[in-house]
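The structure under discussion appears below in the form of structure tokens.
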Amino acid sequence: MIIMARSSAMNETINTIIKNCDEKGAISKAAVILRKGGLVAFPTETVYGLGADALNPEASNKIYTAKGRPSDNPLIVHIADTYAVYKLASHVPKKAVMLMEAFWPGPLTIILPKKDIVPSETTGGLDTVAIRMPSHPAALDMIRQSQLYIAAPSANISGRPSPTTAGHVISDMKGRIDMILDGGAVGIGIESTIVDMTGDVPIILRPGFITKAMLENIVGAVTVDKGLTDSIADIKPKAPGMKYTHYAPKGELTIVEISNDTESDDNCTDEHSRKNHSSAASYITRLSVAKKINDLISEKKQQGFKTAVIASAENAHLYNCENILIAGEATNGETIAAKLYGILRECDDIGADYIYSEAFNHGKLGNAIMNRLLKAAGQRVIKV
Ligand code: TXA
Ligand code: MG
């Protein structure tokens, strides 16, 4: 049975300290709180994390309570030095070392068999542990000063979009955790790539900034978890967190895309996408998507609902909607990734009942962006 973590502490309000990362003494204060078993939200290069001492089961449990997270959903352990991997994992295969050397510090999480010192509270009962070395200087400094390994999921209430600014963390976590370190807006905006390194062939459990092609460049063949690609087949994703509805705004989000759109492709260079996108065929495609979205909006408006559109910069002018949220240029995956979660939160701020989004599946980040957008949409897609 999955227990949604909850305790009497949920009803108590904690006095949350909020400090800028650069403020003198802020990081050492965070380190002291972590050493006492407290909770600190901190910036990473991907999204904000909600940190606690990974080897302290009570501290890990507090994370589940603060987030309202199901207890079977394991946490990622954040480290600041490579040697920590050997303290946490019972076996570190050569390919894992190659990936660590290539991408750490950075947005890559590696799953390895765990050592006994990692409590099952941190790994959601699994005998493996997820490990990542973030590249954000404040995160590294905090981990080093605490002299701990830091368990940290994204610092959002379970099911909401991951936080990409301290403001997002404040709105979800103020009063629930001990401290928030404000490091401004994060750089990448979607969570790390997760790779299972427990078998011979690495398996991507969650796509992210480090793509399949980048991983294959270092270690050869890499596969993708079937639970990610087969949405129709009832295959459970290997990363427990990937089975939950996630990143979702409160309104109903639907993706509208062209039925014969090219699949997103790691090898698709930005130049290639740009050429594709600027073709005449592409223009007709954009018009058909816009027409469908405009029809849906006018139907919902007539029924008295509030609507919003998530659009690329090039297409924004095609929509007839009071709330047009621009994710960035369709070919600029980096901007779209950085803005996506903020936009999903904006949909809540607006109070949108129905949200329609274009598909953003071009370029090397297309896979990762569409993975998050499809989850936020509960896999609701209309093809035109
Ligand atoms: O970029 C990130 O990874 C951010 C920042 C804060 O580091 N963290 C993050 O954590 O996204 P979280 O808890 O929101 O997502 C962790 C994912 C979940 O889907 C979880 O199920 C999976 O990692 N996971 C953790 N440990 C695992 C394990 N041992 N085996 C398989 N999946 C695991
Ligand atoms: Mg999360």
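The analysis underlying the following values was restricted to heavy atoms, covering all of them including side chains, and did not include hydrogens, waters or symmetry mates. Remember, it's 1-based here, ligands and their atoms both numbered in the order they're listed.
For the Mg ion (ligand 2), the nearby protein N/O/S atoms, meaning those under 2.8 Å, are S154 OG.
When each atom of ligand 1 is checked for a heavy atom of N73 under 4.0 Å away, the hits are 18 (C), 20 (C), 21 (O). Near L205, meaning under 4.0 Å from any of its heavy atoms, are these atoms of ligand 1: 31 (C). Close approach of ligand 1 to H78 (heavy-atom distance below 4.0 Å) involves ligand atoms 5 (C), 6 (C), 7 (O). Listed by number with element, the atoms of ligand 1 under 4.0 Å from a non-hydrogen atom of L126 are 28 (C), 29 (N), 30 (N). Applying the 4.0 Å criterion to heavy atoms of I76 picks out, from ligand 1, the atoms 3 (O), 8 (N), 9 (C), 10 (O), 16 (C). If you number the atoms of ligand 1 from 1 as listed, the ones under 4.0 Å from a heavy atom of T128 come out as 28 (C), 29 (N), 30 (N).
At a 4.0 Å heavy-atom cut-off, ligand 1 does not touch K114 at all. Contact annotation for R69 and ligand 1: only side-chain heavy atoms (C-beta onward) come within less than 4.0 Å of the ligand.
Remark: K300 is positioned above the aromatic ring of Y354, its terminal NZ or CZ atom under 6.0 angstrom from the ring centre and at most 45 degrees off the axis. A cation-pi arrangement, defined by a distance under 6.0 Å to the six-membered ring centre and an angle within 45 degrees of its axis, is absent between K115 and Y86.
If you check each of A152, A130, A155, P134 against atom 8 (N) of ligand 1, the one with the closest non-hydrogen atom is A152.
Under the rule for a salt bridge (Lys or Arg N to Asp or Glu O under 4.0 Å), the partners of D295 that lie at least two apart in sequence or sit in another chain are K291.
Atom 4 (C) of ligand 1 has V47 CG2, 3.8 Å as its closest protein atom, hydrogens excluded (heavy atom only). Scanning the protein heavy atoms around atom 17 (C) of ligand 1, the nearest turns out to be I194 CD1, 3.5 Å. Of the protein's non-hydrogen atoms, S192 OG, 2.5 Å is the one closest to atom 3 (O) of ligand 1.
Looking only at side-chain heavy atoms (C-beta outward), I297 and V309 come within less than 4.5 Å of each other.
Using modelled atom types, no side-chain atom of S154 and backbone atom of N156 make a donor-acceptor pair closer than 3.5 Å. Side-chain atoms of Y64 come within 3.5 Å of backbone N or O of N73 as a donor-acceptor pair.
A salt bridge does not link K62 with E58: none of the charged nitrogens is closer than 4.0 Å to a carboxylate oxygen.
Environment of NZ in K301: crowded, with over 12 heavy atoms of neighbouring residues, nucleotides or ligands closer than 6.0 Å.
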